[in-house]
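Below is one structure, written out as structure tokens; comments come after it.
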Amino acid sequence: MTAAPPRTPARTSARTPGTPPGGPSARPGPPEDPAVALLGSDRVELRRPVALAALRRLDRLRRPYGPVVAHGGLAAFLLAQGTGEAVPELLHWLGWGAELGLGLTARAGGPARGGREAAGVRLPRPRGAEDESPRPDRRPAGPQAVWLRRGESGPGLDLRSPDLLRLLDCLADACARDLWGLAPAR
């Protein structure tokens with residue numbers, strides 16, 4: 001008696017729930033160029049060493065945070081479009097008001113190419129944003145922007161996500177610890 005050849009599973013056109021048509025690689029993610037992502041996204045900016053400490057904590061706690069871009073001495077946590085304007089109010093609600101001077105700045109994204117920024121019109125700054133700009137709105141001629149963490153499933157956290165509050169609280173805590181000379185949180 002000869003054994004029948006092993007059966008191979010039939011290919012189906014069904015896709016895993018949550019996976020976009022075309023497979024996982026078809027997911028909308030940030031642009032390949034981190035400088036384009038930086039200029040085109042709402043974001044929260046802070047000093048790079050503070051951001052790295054916050055990233056270590058977020059990774060350890062397994063909290064989502066979206067894409068993160070570094071440029072020079074700063075890091076930017078990219079957020080979904082329309083989220084940047086609400087960040088100062090959310091920080092105030094969490095107890096991290098602008099009066100603390102944490103060095104945490106929210107910025108509204110703009111068009112990466114062309115549009116209002118190219119025409120020389122500045123985007124409005126969110127209420128409560130710090131007076132001094134830690135980074136010019138246009139791409140500087142200095143060091144290139146690089147990904148610290150590349151987002152896998154979209155532009156970043158939005159106002160509907162409870163993880164946005166956790167992210168902002170973690171970033172504000174890291175900034176406060178740095179400002180007051182305390183060790184990073186574990």
Side-chain angles (χ1 to χ4, degrees), residues 30 34-35 37-110 122-152 155-186:
L38 181 67
L39 293 176
S41 299
D42 286 13
R43 58 200 178 271
V44 177
E45 294 178 335
L46 60 157
R47 290 183 339 102
R48 190 176 189 166
V50 176
L52 292 173
L55 280 171
R56 284 191 295 272
R57 183 175 183 201
L58 289 164
D59 285 339
R60 190 174 52 256
L61 296 173
R62 296 188 174 123
R63 300 274 191 220
Y65 48 80
V68 184
V69 176
H71 188 277
L74 295 175
F77 286 75
L78 306 185
L79 306 172
Q81 201 69 23
T83 305
E85 291 181 19
V87 167
E89 290 177 34
L90 293 172
L91 284 169
H92 183 75
W93 183 79
L94 289 167
W96 300 106
E99 67 275 4
L100 296 174
L102 297 175
L104 189 66
T105 305
R107 300 198 181 280
R122 277 190 72 159
L123 296 170
R125 294 185 62 187
R127 286 182 287 162
E130 296 176 4
D131 291 334
E132 291 189 30
S133 170
R135 189 187 63 74
D137 288 338
R138 295 174 194 242
R139 188 186 310 192
Q144 293 288 350
V146 295
W147 290 110
L148 288 179
R149 300 288 194 280
R150 186 167 172 74
E152 297 173 3
L157 301 176
D158 64 17
L159 292 172
R160 296 171 294 180
S161 173
D163 293 317
L164 177 62
L165 290 175
R166 293 182 189 114
L167 170 68
L168 294 176
D169 191 48
C170 182
L171 296 179
D173 180 71
C175 288
R177 288 174 170 279
D178 181 62
L179 180 68
W180 300 324
L182 301 173
R186 294 189 184 263

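Scope of the values below: all heavy atoms of this structure, side chains included, with no hydrogens, waters or symmetry mates.
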Discussion item. Test of understanding: with side-chain contact (heavy atoms from CB on, under 4.5 Å), list the residues that count as partners of L179, not counting sequence neighbours.
Written reply: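 Partners of L179 under the side-chain contact (heavy atoms from CB on, under 4.5 Å) test: L102.
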Worksheet item: Who pairs with R177 by side-chain contact (heavy atoms from CB on, under 4.5 Å), at least two apart in sequence or on another chain?
Response: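 Checked R177 against side-chain contact (heavy atoms from CB on, under 4.5 Å); matches are D173, L182, A185.
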Practice prompt. Please identify each residue that fulfils salt bridge (Lys or Arg N to Asp or Glu O under 4.0 Å) with D59, with sequence neighbours left out.
Written response: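 Testing D59 for salt bridge (Lys or Arg N to Asp or Glu O under 4.0 Å), a comparison that skips the adjacent residues, returns R149.
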Discussion item. So, taking the atom named CG in D169 and the one named CH2 in W93, what distance separates them when rounded to the nearest 0.5 Å?
Written reply: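 Answer for the CG-CH2 pair, D169 versus W93, is 9.5 Å.
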Item to complete: Quick one: pull up SG in C170 and CG in L61 and give me the separation to the nearest 0.5 Å.
Response: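 These two atoms lie 7.0 Å from each other.
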Practice prompt. Indicate yes or no for a side-chain donor-acceptor contact from D42 to the backbone of G82 under 3.5 Å, with no hydrogens or angles considered.
Written response: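 A pair under 3.5 Å: yes.
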With a 4.5 Å cut-off on side-chain heavy atoms, are [Y] and [X] touching?
X    : Y    : result
L168 : L94  : yes
L46  : T105 : no
W96  : L90  : no
L104 : F77  : no
R43  : L79  : no
L171 : V44  : yes

Practice prompt. Show the numbers, then the answer: is there a side-chain contact (heavy atoms from CB on, under 4.5 Å) between V68 and W147?
Written response: CA-CA 6 Å; V68 184; W147 290 110; over 6 Å; no
Worksheet item: What do the steps show when you test R57 against R63 for side-chain contact (heavy atoms from CB on, under 4.5 Å), and what is the final call?
Response: CA-CA 9 Å; R57 183 175 183 201; R63 300 274 191 220; over 6 Å; no
Discussion item. One pair to check against side-chain contact (heavy atoms from CB on, under 4.5 Å): L148 and R48. What are the steps and the verdict?
Written reply: CA-CA 10 Å; L148 288 179; R48 190 176 189 166; 3.8 Å; yes
Smallest separation among heavy atoms of [X] and [Y], with atom names:
X    : Y    : value
G84  : P88  : O-CD, 3.6 Å
A172 : L91  : CB-CD2, 4.0 Å
A75  : A51  : CB-CB, 3.4 Å
V69  : A145 : CG1-CB, 3.8 Å
E45  : A76  : CG-CB, 4.0 Å
A37  : L78  : CB-CD1, 3.8 Å

Item to complete: Could I get the full list of side chain to side chain donor-acceptor pair (under 3.5 Å) partners for D158, not counting sequence neighbours?
Response: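 Result, side chain to side chain donor-acceptor pair (under 3.5 Å) vs D158: R160.
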Worksheet item: When you look at T83 and L157, which way does the side-chain contact (heavy atoms from CB on, under 4.5 Å) test go after all the steps?
Response: CA-CA 8 Å; T83 305; L157 301 176; over 6 Å; no
Fill in: Salt bridge flag under 4.0 Å for residues R166 and D163
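Yes, R166 and D163 are salt-bridged.
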